[in-house]
Structure formats: structure tokens, C-alpha cells
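Okay, structure first, notes after.
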Amino acid sequence: MKISNKTTRILLAVIIAVSLCISTFYIATKQGYHEDELLTYNLANTQKQLNVDGGWNSPEDFNEYLTVSDSDRFNYAQVFENQVIDASHPPFYYSLVHTVCSFFPGQFSRYFAYSINVLAMTGILILLFLIGKRVTDNNLYAIIGVLAYALSIACFTTTIYLRMYATLTFFVLLFLYQILRLYDKKDGVSIVDCLILLPIVTLGILTQYYFILFAGLVGIVFLVFTLREKRVKDLLLVIATAVVGAGIAMLIYPHIIENVLGGNRGFGSLKISIDLITVVTYVIYKLCTYFEVLAKDMFLGQVWLLALCTIIAAASFVYFRFIRKKKLGRKAVFVIVPTVVFFFGISLVSPFNSDRYIMASLPTLAMLFAFMFIRITEVFKGKNAVLAVPAAILALSVLSVVFVKPYYTYGKTNLYQTKTDKAVFVGTAMLEWNKVIDKLENYDEAMIVQTADMDPNLGKELDAFATKRGVVTNGKISSFAESYMNNGEKKEFTSSLEALAKDEKLRQEKAVTVYISRLADRQKVMDFITKNTDFKHHKLIQKDCDFEDFYNWYDYFVETESYCNVYKFYK
């Protein structure tokens, strides 16, 4: 069954519009931010630092921490310098955010970064169609492949997460499409083709380093097939273009190699030894966790449904390949190999277990599942049998929107309705206050202080959490947690709690809201306040979540709406 180009364009436009409308609903109703989302604005816009050692911060201070000042509009040198200091990511995405924010100096809005994601997702869905069309040579099949991703939780979370991953996914798909186009060229790769590929490589690398892995996998497939076809000239031109593009990226941002090998994640300074059984069981746990992530992103959060579809996919491959003797087309291999290897590779090497790390593989993964079911319909008679696939996708999408809560929307909280005029945030050297800036700025003033006393039970809780999920920890997880929380070998045991006892403004207050981060020793903090200030009484405003509320310890650390125990202390 086929559809005309005109009908295809209309359907694609409708799918994109519906997808972005649903994402806009989620971004409009989300409460709170992932800490990195707020860091996006800080690193893109300003070098303003907050007082985090016992002084007061006003709403204006928090605003300056997130926004562009009049004097720093379109100041890309500052953006560049911020990334050098942060030492985690290249500067291109932050430059995009800075550009948008520069049109609105002094203003903070989630929609500034979201607008970039909207443009990126529009491009992603168009590119996904073009890739699907090249693989299947069928408009309808390509549209169904787009539908499978565009109306999935995976698409919505990628669009509403205010980081560089939507932009990364755009460049990944743009690179994949361009390589497919070059492979299809019967008259050989031209210099013009290379000039088109060159900025894709450069900007992809300058967006996020995972681009290198995905592009490398696509390149390996291209290398294998062009060598088989003895298209050595085409291969050499593409390799040279990729090398030049990478070289330009490193000339623009010379810290790429340093970031890729180390960065500021702190893991290079964690001097802990992990035994083999812990490694093996932890790898299994990571793969299972990403399986759960994928189930939530595309299969109603039902692991059994994902498992069933995966088994059907494997069985159908065996049936068509070995019984019906139908080989996969080479262009399909360009999609399958990079997607699958990237998904599993990132699942194993990602520093945390989070959907953001695999976002770049999710569009093509969704499309591959759709194509697999389309192929199965070929077994049945009737030219309209294929329509069962989009019908099932639509039903699954409706159920997902109704029953599945996307990542990064967070829950309802009462912390935006302040109970006191002033607030105090008590955290550790891990700078947890960055997760709740949007709440602290609602107070007349907010003080941020640090305690040297970490939660003594957190490492043990992590061990127990991992053990229940099949990891033979041998105490190593607890050791890792302790080392990580103390910034590796730096051991920044600093405290500014004394500021609470000495501050004149606090003495004049009848009550104060106190956020105590989950990494801090809560009981010691509460004892210090009641013994050293006039605030002798307290009541809980919002309780922190428990480990058991999550399947992934990383989610527990970044779920901003429940990151702290929040109290009202009063005289």
C-alpha cells in the first residue's frame, strides 16, 4: 500500500504538530527542574555565582544566576569560558541557548531553551521520515516509522528536557541521512557532498560528545559496504571530511580530548577497586535498568510488552532471513547496527542510568520496531493489513499519554507557596542547592549553607538498594558512594552552619523554611538549629522520597521535587 507525496506531506505535518502540542502541554505543566536544566541557563548566560557559604541571596541574585544581563548579550566568549570551567560539554548548544536568551535580557523562562528543542524535534521528525523513506522506498512505511516515535513518551521527554540532547539527536540523524544519501549516489561522492557533511560533523561534535560514537558506528558500516563495492575514492573522501570536521571542532574548542577523557564528573579521582563479581552483576543491573527505561519510553512502562516485542522482532528476523531467504537491505543495516550498538554501548558506559544518554538512538529504535511489525503484516493477505500497525501505535500512544508520567515533568509540590519570608538551604559539597533555585527565589531572601556531615546511612542504603536488584556489592557500592559524595580525593569537608547561629536577620524572624538535602546528615542539622538558634520547634512541610519509590538510584538523586526534607522552623 502506498500514499502520494502530497498526502505524505500533510500527514507528516499533522504528526509533527500533534507531537509538539503534547510536548508543549507537558512543558507548560511541569513543576521543577532537573539540576542540569538550570545549569544550562547559568552556563549559557552568566558567570554570576551565588553566595553559598552563609550569606543571603535575593530573588534578583537568583535571576542574575540564570539570565543574560544587558552588558553580556551575545557574549559568546563568556559562553566559551564557562564551558572550559565546567569541563563537561562543548559550547555549541549553550551558544544557542545564549542566543535566544540574549533577546530577553534579565528574563528567565523555560520556553527559551524549549524553543530550541522544538526546532530540533521538528528537524528530527523530518529527518526520521527521510531516513525511513530511503530504507523502505515507501512513503506510508516511513510515515508509520515517524508516528511510532513522534507520539511516544521518548519523543516527549527528549523535547521537554532542557538540555542538548534534542540538538544532539538532530545532528545524529542528519549525519545518518547524509551518509545514506552518499551511499546511494551512483555517480560517486562529490566535493559539494563533502562540504555539506563537514559542518554536520563539526557541529555534532561541538554539541555533545556522544555524537562521535554514533557517527563512528555509521562510518564503520559505510566503510564495510564501500570497501565491498570497491568505492575506495568515496570512502577516502568521507573519511577525510570527517577528520577535517573533527579537526575544526578541536580548533574551535581545544578542550575536547580533555573533556572526553576526564571532564569534571569526578570519576577519575575515585580511587576504589571493584571486584569482578560486582562488575558483572552491576552490568546486568545497568542493562536491566535501561530495559525499564525503554519500556517506559515506548511500551507503556510494561517490561513484559517490550520483552514480547523484542522476541517477536528476533523471531521475525530469523523467519524472514532463514526460512523465506529475505536478506536485510544494506540501507537497513545503516540504521540497525549504529542504533543497537549505541543503545547497548551507552547503557554500559554511561556514568548514570538515565534516558537522556540514549535519547539519540530512540527515534531510529522506535522506527525499527515499527518496520519490524510492518514486515510481519506482509505474511497476511490483504493490501490494507499494514494499517494495523499505525492503529496499534495510536492506541499505545493514547494509553501512554493517559497512564505514563514522562520524565522531567516531576510531581505536584507545595514548595512554591512559601510558608515564611526567608529560607535556608543546607547541603553538602555536591552543591545540591542548584536543583531548587526556582523555589528559593520565591522567598524574600534565601541563605545557602554547607555541612561537612554527610548522611551516614546513604552508602548502606545504596548497597541495600543495589543488592535487592541483583548486584553483588561486597560493600563496593557504599565505598563508591562515599568517595563520590566527598568529591573523590578532594574531601571538601567544609561547613558554614555557624552562619545560622550568628546571623542577625534570622534572629529577627519568627519562622524560617529550612531545606535539608538528602546527602546531609539531617538529624545533626536539625539538632544544630534547635540548639544554636531561637528556632526550637519545627514541622515537616514536605518529606523526601524513599529509595523504594524508584527503580534507579540515579533518579533518586535527581528527582528535584523530593530532593530535600523541608521543614518550617519556628520559635
Side-chain angles (χ1 to χ4, degrees), residues 1-3 8 11-12 14-16 18-19 120-159 165-166 168-181 183-184 214 217-218 221 293-295 297-299 305-306 309-310 312-314 316-317 320 328-344 355 358-378 386-394 396-397 400:
M1 182 177 179
K2 295 187 177 182
I3 56 177
T8 298
L11 288 174
L12 183 59
V14 170
I15 290 171
I16 292 173
V18 171
S19 177
M121 187 53 64
T122 301
I124 287 166
L125 296 178
I126 293 172
L127 286 167
L128 192 60
F129 167 78
L130 294 174
I131 291 168
K133 177 70 180 294
R134 282 199 174 266
V135 171
T136 64
D137 196 28
N138 186 298
N139 284 340
L140 178 60
Y141 294 176
I143 282 291
I144 293 173
V146 174
L147 187 71
Y149 176 69
L151 299 185
S152 69
I153 296 298
C155 179
F156 305 145
T157 54
T158 301
T159 311
Y165 295 96
L168 165 67
T169 304
F170 170 77
F171 280 113
V172 160
L173 293 187
L174 186 58
F175 180 84
L176 174 58
Y177 172 72
Q178 180 66 2
I179 292 297
L180 279 171
R181 193 180 72 82
Y183 180 72
D184 264 346
F214 202 105
L217 292 168
V218 174
V221 177
V293 169
L294 185 59
D297 277 340
M298 295 185 188
F299 295 90
L305 183 58
L306 171 57
C309 290
T310 303
I312 292 174
S316 66
F317 172 79
F320 284 104
L328 285 172
R330 286 190 172 181
K331 285 183 283 188
V333 177
F334 273 97
V335 180
I336 294 171
V337 171
T339 298
V340 174
V341 175
F342 183 91
F343 177 85
F344 283 103
D355 68 318
I358 57 168
M359 281 178 176
S361 65
L362 296 181
T364 45
L365 197 57
M367 185 175 70
L368 289 174
F369 271 109
F371 285 175
M372 176 268 295
F373 280 107
I374 289 172
R375 201 175 195 197
I376 289 174
T377 63
E378 295 175 2
V386 69
L387 296 180
V389 179
I393 291 171
L394 287 171
L396 194 67
S397 300
S400 295

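As the structure is a computational prediction, the values presented were derived from the model and not from experiment. Sequential numbering from 1 along the given sequence is applied to the chain's residues. Side-chain atoms are counted along with the backbone in the values below, which use heavy atoms only and exclude waters and symmetry mates.
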A side-chain contact here means heavy atoms from C-beta on lying under 4.5 Å apart; do Leu294 and Phe343 qualify? yes
Donor-acceptor pair, side chain of Lys331 and main chain of Leu180, under 3.5 angstrom: no
Between the main-chain N or O of Val293 and the side-chain N or O of Asp355, is there a donor-acceptor pair closer than 3.5 Å? no
Main-chain N/O of Ser361 paired to Thr339 side chain as donor or acceptor, under 3.5 Å: no
Is there a donor-acceptor pair closer than 3.5 Å between any side-chain N or O of Ser19 and the backbone N or O of Ile16? no
Derivation and outcome, side-chain hydrogen bond (donor to acceptor under 3.5 Å, both in side chains), residues Asn138 and Lys133: CA-CA 6 Å; Asn138 186 298; Lys133 177 70 180 294; over 6 Å; no
Answer yes or no: is there a side-chain heavy-atom contact under 4.5 Å between Leu394 and Leu147? yes
Indicate yes or no: at least one non-hydrogen side-chain atom of Phe214 is less than 4.5 angstrom from one of Leu168. no
Distance under 6.0 Å and angle within 45° of the ring axis: does Arg375 meet both against Phe320? yes
So which atom in Leu173 and which in Pro363 form the shortest heavy-atom distance, rounded to 0.1 Å? CD1-CB, 4.1 Å
Do Phe334 and Tyr183 make the cut of ring centroids closer than 6.0 angstrom? yes
For the residue pair Thr158 and Met121, establish whether any side-chain heavy-atom pair is separated by less than 4.5 Å. yes
Among Leu130, Leu128, Ile131, Leu217, whose side-chain contact (heavy atoms from CB on, under 4.5 Å) with Leu176 holds? Ile131
